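In this text the structure is predicted, and so the values were computed from the model without any measurement. Just so you know, residue 1 is the first one in the sequence shown, and it goes up from there. Every number for a ligand or one of its atoms is a count from 1 in the order of the listing.
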Amino acid sequence: MGLNDQWMQRDLAVLWHPCTQMKDHERLPLIPIKRGEGVWLEDFDGKRYLDAVSSWWVNVFGHANPRISGPIKAQLDQLEHVMLAGFTHSPVIELSERLVQLTPAGLNKVFYADNGSSGIEVALKMSHHYWINSGQPGKKRFVTLSNSYHGETVAAMSVGDVALFTDTYKALLLDTIKVPSPDCYLRPEGMGWEEHSRNMFAAMEQTLAEHAHEVAAVIVEPLIQGAGGMRMYHPVYLQLLREACDRYGVHLIHDEIAVGFGRTGTMFACEQAGITPDFLVLSKALTGGYLPMAAVLTTDNVYAAFYDDYATLRAFLHSHTYTGNPLACAAALATLDIFQQDKVIEANKPLAARMASATAHLVDHPHVAEVRQTGMALAIEMVQDKPSKTAYPWQQRRGLQVYQHALSRGALLRPLGNVVYFLPPYVITPEQIDFLAEVASEGIDLATRSSLSVAVASDLYPNHRDPG
Ligand SMILES: *Cc1c(COP(=O)(O)O)cnc(C)c1O
């Protein structure tokens, strides 16, 4: 038995993995990773995998990068943690200063949480609480887009829309208002992204006109709906939304947990619309993917609504134990240093162009309905029938075949249902991009070749992060 198998057996005896039907591991091997270096992950039997999805979208500058791990080690010898109520420390102050300076004008206060979902909870609670403090307690509902994803905790799940996943927990969810997404995959043939996104705004406008009195905020994933299958839309939608939120007196929450830090081609997606949201939620690449942390940025106006004598009970009495952890702050500061020193946003442009050229041939594939891209995110939509864009039934788990093929070739490509995507670390080389495109093409050929090439397991259901 190889070392991989030994670790796998010990694992399966005691662990319950995230986003996994554990029974799958009766036939799908689990891959124990021993070490990482740059874009590579290496297992216990010495096999390497190119991390094409940045380990769930967090890793932007590669694994075990000494420019990030070094500062974390230095911080570790100085101060590993101190509670952030009543106390503070230099890494959290410096990080907050830099985030305020980097993000669009007007976002001047930073509140921390320890993962993306918790960051969303902070923004939702803060928004409603703002309206209470402003004498409008009836503003308590949230407007969301169809096909959106904002995390796993109950309120974050409530503002998301991954049907088979959220349906199970329906009884627990908040009462939200769902508006059709501007998702450009669904645009009429021949129409451009901008026109479609603009047209789709009509439903949002109507919803706000009708419900603004009871709505605290609209929450969106700007430009890319990630877990919903890397569906994309035009920045004009965000401009129209900002303008409408102002007109109707509703907050705008940008969940840039996945798209922040260069993924869309600009440091933050909201820059492409030239707007400032009322709440900007950041996580994932914030620490380069080294430690869990989320930051919620907001305006002086929101902050002021909470600032009063203690006895008025207007304070935001929300806390996560590890808020502002110094090690995570050190990782984030090191990550921001790399963005600055290496002019990463500029340097990514040729890489994004290479992602496009390396996959351009897939547009002609008989089972590819679309190859779409926004910056450093590229997605390939596999379909059963190309002219009608009929999706493969989820039970066939075509994406899983791509996943397995890629592993055999030394790449970690983890499709979202029928959507194969690249969301690579920015330290990937043009040649490595070509390699990924080759592996993806082969995988798509294999997965779409036969009419029923995949074992159907009726006890498995699709999930937003599941390659099935
Ligand atoms: C990953 C993600 C979240 C949740 O973050 P976690 O750290 O997994 O809780 C929320 N919103 C978006 C857009 C995400 O991609």
inquiry  = Can you check which of K284, E121, H150 brings a heavy atom nearest to atom 14 (C) of ligand 1?
reply    = K284
key: Option with minimal heavy-atom separation from atom 4 (C) of ligand 1, where the choices are P18, S117, A227   = S117
ask   = So, Y322 versus H81, ring centres under 6.0 angstrom or not?
value =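 Yes: the rings meet the under 6.0 Å criterion.
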Which segment of W56 sits under 4.0 Å of ligand 1 when only heavy atoms are counted = neither
query = Short N/O distance, under 3.5 Å, between G116 and ligand 1?
reply =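 Checking ligand 1 against G116, an N or O pair does fall under 3.5 Å apart.
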Could you tell me which atoms of ligand 1, counted from 1 in the order shown, lie closer than 4.0 angstrom to a heavy atom of [X]?
X	answer
W57	15 (O)
N115	7 (O), 9 (O)
A258	15 (O)
D255	10 (C), 11 (N), 12 (C), 13 (C)

ask   = Do we see a donor-acceptor contact under 3.5 Å between the side chains of S55 and N59?
value =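 Side chains of S55 and N59: no pair found under 3.5 Å.
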Distance-only polar pair, side chains of Y112 and S96, donor-acceptor under 3.5 Å =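 Present: a donor and an acceptor within the cut-off.
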inquiry  = When you measure from the side chain of S54 to the backbone of V58, do you find a donor-acceptor pair of N or O atoms at a distance under 3.5 Å?
reply    = no
query = Is the backbone N or O of A105 less than 3.5 Å from a side-chain atom of T276, with the two atoms forming a donor-acceptor pair by type?
reply =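 Judged by distance alone, yes, a pair lies under 3.5 Å.
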query = What do the steps show when you test I433 against L351 for side chain to side chain contact (heavy atoms under 4.5 Å, CB included), and what is the final call?
reply = CA-CA 8 Å; I433 289 172; L351 293 175; 4.0 Å; yes
request  = Compute the minimum heavy-atom distance from E152 to ligand 1 and say whether it is under 4.0 Å.
outcome  =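 Flag not set, E152 not near ligand 1.
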remark   = Test side-chain contact (heavy atoms from CB on, under 4.5 Å), reference N418, set Q396, R397, R398, output is R398
